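Counting convention: from 1, in listed order, for ligands and their atoms alike. The structure presented is a predicted model; accordingly, all values stated were derived computationally and were not measured.
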Amino acid sequence: MRPEILFPLFAEVGSLPGIGPRFAKLIGKIAGPRLVDLLWHRPISLLDWRRQATIADAPENTVVTLKLTIVEHTPPRIQRLPYKVRASDETGFIDLVFFRAHKDYLQNTLPVGDVRYVSGKVERFQERPQLVHPDRILTEQAFATASAIEPVYGATEGLAQRSLIRAVAQAVAKAPNLPEWQDQNWLEKQKWPDWHTALKTLHAPQSQDDLSPATPARRRLAFDELLASQLALCLARAHMRRVKGRSLKGDGALRAKAIAALPFKLTNSQTTALAEIAADMAAPERMLRLLQGDVGAGKTLVAFLAMLNAIECGAQAALMAPTEVLARQHAAVLAPLAQSVGVTLALLTGRDRGRERDAVVKSLASGELKILIGTHALISESVVFDDLALVVVDEQHRFGVHQRLALSGKGDQPADILVMTATPIPRTLALTAYGDMDMSRLTEKPAGRKPIATRALPLSRLDEVIGAIERTVQQGDRVFWVCPLVEENEDLDLTAAEQRFDELSKTFGERVRLIHGRMKSAEKDKAIGDFRTGNAQVLVATTVIEVGVDVPDATIIVIEHAERFGLAQLHQLRGRVGRGSKPSSCLLLYQSPLGETARARLDCLRNTDDGFVIAEEDLRLRGAGELLGERQSGLPEFRLADLSLHGELVAAARDDARLILARDPDLKTPRGEALRVLLYLFQQDDAVRTIRSG
Ligand code: ADP
Ligand code: MG
């Protein structure tokens, strides 16, 4: 239950005096429905009312304050026209312009002959200076005592800055003094203010510098937010681990046999990851581990060997992939490996029906079937395992925590979970998105991989590119041709891909195939199958191939309108080639002129193919939110912390959270009590609920 001390902050915005339902709704849109949301609505700039000017020298596009004498009122002749008030100073005349004005109000506020301090942006309209809807009008008396500097908040259409300032100020005024949840020594070392002071400072910037994310007040509040998030993750993790798992310690026989059958040696990263996984599986707690590594780094193989560990113990394992294409591919790759060690393996997707499906389900329930690979169809209720001990989730950011757990709950005892992701995530982000998991990283590429030659070319050289590709296709090369993401509109993407397909068909005839998300699965399989066997040599695709179409013989990838893709996405796409032993290339076709960020992205790709380096650069080039695709990733949205600027605070928050829970797992000490308040303040109510009661 939320502590009482926070009640005032969790009142609805509409409960503030002077905020009607219409304003409350608008505020809800930009900040959130409750007062606490207003606290986190940071100023984006400030207005310095002290900047005085005269009419003649007032700069344009800058808010200035003019000391004016009111000369005359000109009400509009017809309603549509503005109400004008003429005023002057010693340098000339200016028109104060009001649309849809109330005459009485204006006559009271701006009486002819009086002096007023009027603030706003001066414009020139038909050579005459004018000021439309002044931001502030004060009498000489009021001006003497008025605040000189005010924050400016991000607003939205119809939401006046004035009302927003007032609403935030009221929310800040309601913020109570809260017990300190940060470690006193740490605060002193950082020279950070207490929470209440930090909050007030945040909303009262006095200079441009005060808006910087590096101020002590902002960093303190960012750290509060990060600590709440890390504590919540650590609590969730502790909660999951309290659920007793089982100790899986296979004799290694199947694994040794499988490794001996491989035509290559495991990389050092693979060996390390396998040792980490084996230790987790052997421990009595449930494993929750993230296996990160670039496309082609050898994750699938690691996952397979982990499954063999479960099978050595007499149990079963499952692999869940985000798409049907991927599930099929995993099955195709792993079936021969499984066969070589005499382990049964089957595929189950939503497409499977009837007798075949029944047979799979039956042998699964009897325990005869050891490895099941599939899509989310695996979590359907009719699928029952005899003894499921390990769940591998090939994630690519498509499953939520919820689905992971649904599958792992299928055993009598909760199964161990290994999540694979081919999107290398910068450390800071990994901590916030997957902080509830342990992490293994495959940082090396398997030996013998040739680097991918990456070039960027303007789209104007398309004909040249087609010509060059025609020559390599004649020599037997296979080419992915990725069509641009036009916008958030599948139909448009499709048209682009279909047009390119038609055009390329003119050159390549029967050797081109098209694949896109709207096709039926069987058609997709056919297109990929033709491409895989070499029946087709050019595969035109929308970004469906991003999620892992694996054709080792493909050596060229062309990405059209590369400037429209994100860095991580381009890296993923490029990873479709360079999987075999032949040298490969990637052609990034871009539309000139390139923007600065787009150029930086393409340069980065040309300079490196290390996914972890690219991920860090991606984080630098754009904010954290976008990086994982907020909605899909389950990445928490931060209001005060900026992961691209406060990265080192994430790691500190993580360490702090671990230390806190190691010493005070139930948050019972006085600091623990204060931390509970922190958790509620940042609406991590669920996390508090997982704390052991009693
Ligand atoms: P990921 O799942 O990380 O994309 P995979 O496990 O699918 O990578 O591996 C990609 C390819 O590399 C596969 O053909 C696999 O057999 C091969 N491979 C895996 N590990 C190694 C290794 N240590 N040395 C050489 N090739 C490897
Ligand atoms: Mg793979």
*Between D603 and R606, is there a salt bridge with N-O shorter than 4.0 Å?*
yes
*Heavy-atom side-chain contact between L334 and I371 under 4.5 Å*: no
*asked:* Under 3.5 Å, is there a donor on one side chain and an acceptor on the other for R455 and S585?
replied: no
*Any nitrogen or oxygen of A297, main chain or side chain, under 3.5 Å from a nitrogen or oxygen of ligand 1?*
yes
*Derivation of the side chain to side chain contact (heavy atoms under 4.5 Å, CB included) call for M420 and V392*: CA-CA 7 Å; M420 302 194 278; V392 178; 4.0 Å; yes
*For ligand 1, note which part of L301 has a heavy atom under 4.0 Å away: side chain, backbone, both or neither.*
both
_Check this for me: does any side-chain nitrogen of one of D525 and R328 sit under 4.0 Å from a carboxylate oxygen of the other?_
yes
*Go through ligand 1 atom by atom and flag the ones less than 4.0 Å from a non-hydrogen atom of T267.*
23 (N)
*Polar-atom distance check: G298 versus ligand 1, any N or O pair below 3.5 Å?*
yes
*Does V577 reach the side chain of I556, with side-chain heavy atoms less than 4.5 Å apart?*
no
*Looking only at distances, please establish whether an N/O atom of ligand 1 is found under 3.5 Å from an N/O atom of G296.*
yes
*Is there a heavy atom in K265 that sits closer than 4.0 Å to ligand 1?*
yes
_Can you tell me if L442 contacts ligand 1 (heavy atom of the residue under 4.0 Å from the ligand)?_
no
*Which of the ligand 1 atoms, numbered from 1, are nearer than 4.0 Å to a heavy atom of L266*: 23 (N)
_Proximity of D294 to ligand 1 by residue part, where a heavy atom lies under 4.0 Å_ = backbone
*asked:* For T267 versus K445, what's the shortest heavy-atom pair and its separation?
replied: CG2-O, 4.1 Å
